[in-house]
A.B. asks: 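What follows is a single structure, and I will ask about it in a moment.
Counting starts at 1 for both ligands and their atoms, in listed order. Because the structure is a prediction, the values reported are computed rather than measured.
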Amino acid sequence: MTLLLVRNVEVFAPAAVGRRDLLLGGGRILAMQPHLRIGVDTKVIEGDGAILCPGLVDSLVHLSGGGGEGGFATRTTALDGREALRAGVTTMIGALGTDDVTRSLADLLACARALAACGLSAYALTGSYRVPVRTVTGSVRDDLVLIPDFIGVGEIAIADHRGSQPCADELARIAADARVGGMLAGKAGTVLVHVGDAPEGLALLHAVSDRYPLPSAQWHPTHMNRHRQLLEQAPAWVARGGSVDLTSSTTLALIEAGDLPAAQALAELLGAGVPVERISMSSDGQASLPHFDGAGRLLSLEVASVHSLLEAVVQAVHRHHLDLATALASVTSSPAAIWGLPHKGTVAVGADADLLMLDPDTLALQVTIASGRAHDFRLAAESGVESLTAA
Ligand code: ZN
């Protein structure tokens, strides 16, 4: 077993822990002490007081590509694992989106598994925007029980002209299958809900929670910062047991149309008393960011980047004056809990060795450690990423 000693880092687990040395081996954190003395030969990374935090947990990445809302030429490409390493995203939840015709769950699973070659942890969601839900085995429940990579369902689209306009009964059936499939397989079975621009927002989720004995925590609505009226629905949803996700990737055109930057939305929700344990941020990486006019005509389209996630943390700290531990929680411990991944999003003995080293002043990414393998970006730009051959 190759051992890696990370020396003299300021640990945010994401809560502040203090100055520590860490010993990594077998893809796990083996020890964490103020001063570690190792008798055997180890590779050493000198932290020099850098911040060490969990690798980011990205609740929504279109791993196999997305888009296509402007025709075939607007389909986006699959995620390159080296980009995720450079963005500090070590765990990601992959999903299909609008297009479940030319894109398949089989391809999504293949893309997720390919990322393991970079030491990344990629999970996947069964289903897509469409209802009735497309699955691999023919059922949400069977997909969750039989296919290890699937940890939930999504993105199911509501309040969006691109969705299937499902009714409350259809949504309840999806959540019930996700819940039971998750229970049987020891998974969270969380349903990621794409919430669109339409003014009804979360009304359908409230209707399901009113009518059926399903916990609101089964749902995780995303894009809650797409306009102020939707963000204002978040506290009431969390108050009845739900959680919310904020999208960190945005464009100038979307901000001009009312989209709130994720860092600002995070600060506002925390200010309104929403606990950070119920808030995650995700990049929506590789999604298209289409901008439609009032008549539903496509005006422009850009590609979302996984880099936006760490950028949102930096903005939350530097622009909105959140403390680092809280800002980090929204992209580490909170999503790990929401998705039922206790070995992710934390710096603790026994946890997975998915870690970031950040510049203590600028929070710029210096080193990404994924499954115990270090990629040092303090070196020349390209040489940081280790060879991507399967371990
Ligand atoms: Zn979406």
Side-chain angles (χ1 to χ4, degrees), residues 58-70 74-76 78-79 89 92-103 105 108 111 123-131 133-134 152-166 171 174 178 190-198 200-202 204-205 219-227 230-231 233-234 237 242-251 253-255 257-262 265 279-292 296 298 300-306 308-309 312 335 338-339:
D58 196 334
S59 293
L60 175 59
V61 183
H62 296 280
L63 301 177
S64 57
E69 288 100 327
T74 63
R75 296 166 91 255
T76 67
L79 177 72
V89 173
M92 59 208 89
I93 320 301
L96 296 179
T98 316
D99 181 1
D100 59 6
V101 181
T102 74
R103 301 196 185 273
L105 291 169
L108 179 66
C111 288
Y123 303 91
L125 303 180
T126 186
S128 62
Y129 274 22
R130 191 199 306 227
V131 176
V133 177
R134 286 247 171 139
V153 187
E155 303 171 68
I156 305 293
I158 64 168
D160 196 295
H161 60 96
R162 291 166 287 174
S164 295
Q165 319 311 327
L171 284 184
I174 293 167
T190 306
V191 183
L192 186 68
V193 180
H194 162 106
V195 188
D197 273 332
E200 66 260 34
L202 300 182
L204 208 48
L205 296 189
W219 310 97
H220 193 42
T222 183
H223 313 316
M224 289 298 293
N225 52 323
R226 72 184 317 144
H227 53 69
L230 184 58
L231 188 71
Q233 295 184 24
W237 176 246
S243 58
V244 292
D245 184 65
L246 306 169
T247 303
S248 59
S249 54
T250 187
T251 65
L254 289 170
I255 287 176
D259 193 292
L260 294 139
I279 309 171
S280 67
M281 297 199 288
S282 67
S283 72
D284 204 3
Q286 301 308 110
S288 62
L289 295 173
H291 181 217
F292 297 100
L298 183 71
S300 66
L301 190 137
E302 293 180 42
V303 179
S305 166
V306 285
S308 64
L309 202 56
I338 288 163
W339 292 106

A.B. asks: Taking 2.8 Å as the limit, list every protein N, O or S atom around the Zn ion (ligand 1), by chain and residue number.
C.D. replies: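 Sorted hits: E155 OE1, H194 ND1, H223 NE2.
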A.B. asks: Side-chain contact test, heavy atoms from C-beta onward, threshold under 4.5 Å: evaluate it for I158 versus W219 and give yes or no.
C.D. replies: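 Answer no - side chains too far apart.
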A.B. asks: Verify the distance criterion only: is there a donor paired with an acceptor across the side chains of E69 and S288 at less than 3.5 Å?
C.D. replies: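 Their side chains do contain a donor-acceptor pair, which is all the 3.5 Å distance test asks for.
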A.B. asks: Restricting to side-chain contact (heavy atoms from CB on, under 4.5 Å), what partner residues turn up for S243, sequence neighbours left out?
C.D. replies: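 Partners of S243 under the side-chain contact (heavy atoms from CB on, under 4.5 Å) test: H220, R278, I338.
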A.B. asks: Could you check whether H194 and E155, counting side-chain N and O atoms only, form a donor-acceptor pair closer than 3.5 Å?
C.D. replies: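 H194 and E155 do have a side-chain donor-acceptor pair below 3.5 Å.
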A.B. asks: Between the side chains of H227 and D259, is a donor N or O closer than 3.5 angstrom to an acceptor N or O?
C.D. replies: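 There is no such pair (donor and acceptor under 3.5 Å, judged by atom type) between the side chains of H227 and D259.
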A.B. asks: Start with the C-alpha distance between V303 and L289, add both sets of side-chain angles, then the distance that settles side-chain contact (heavy atoms from CB on, under 4.5 Å), and finish with yes or no.
C.D. replies: CA-CA 6 Å; V303 179; L289 295 173; over 6 Å; no
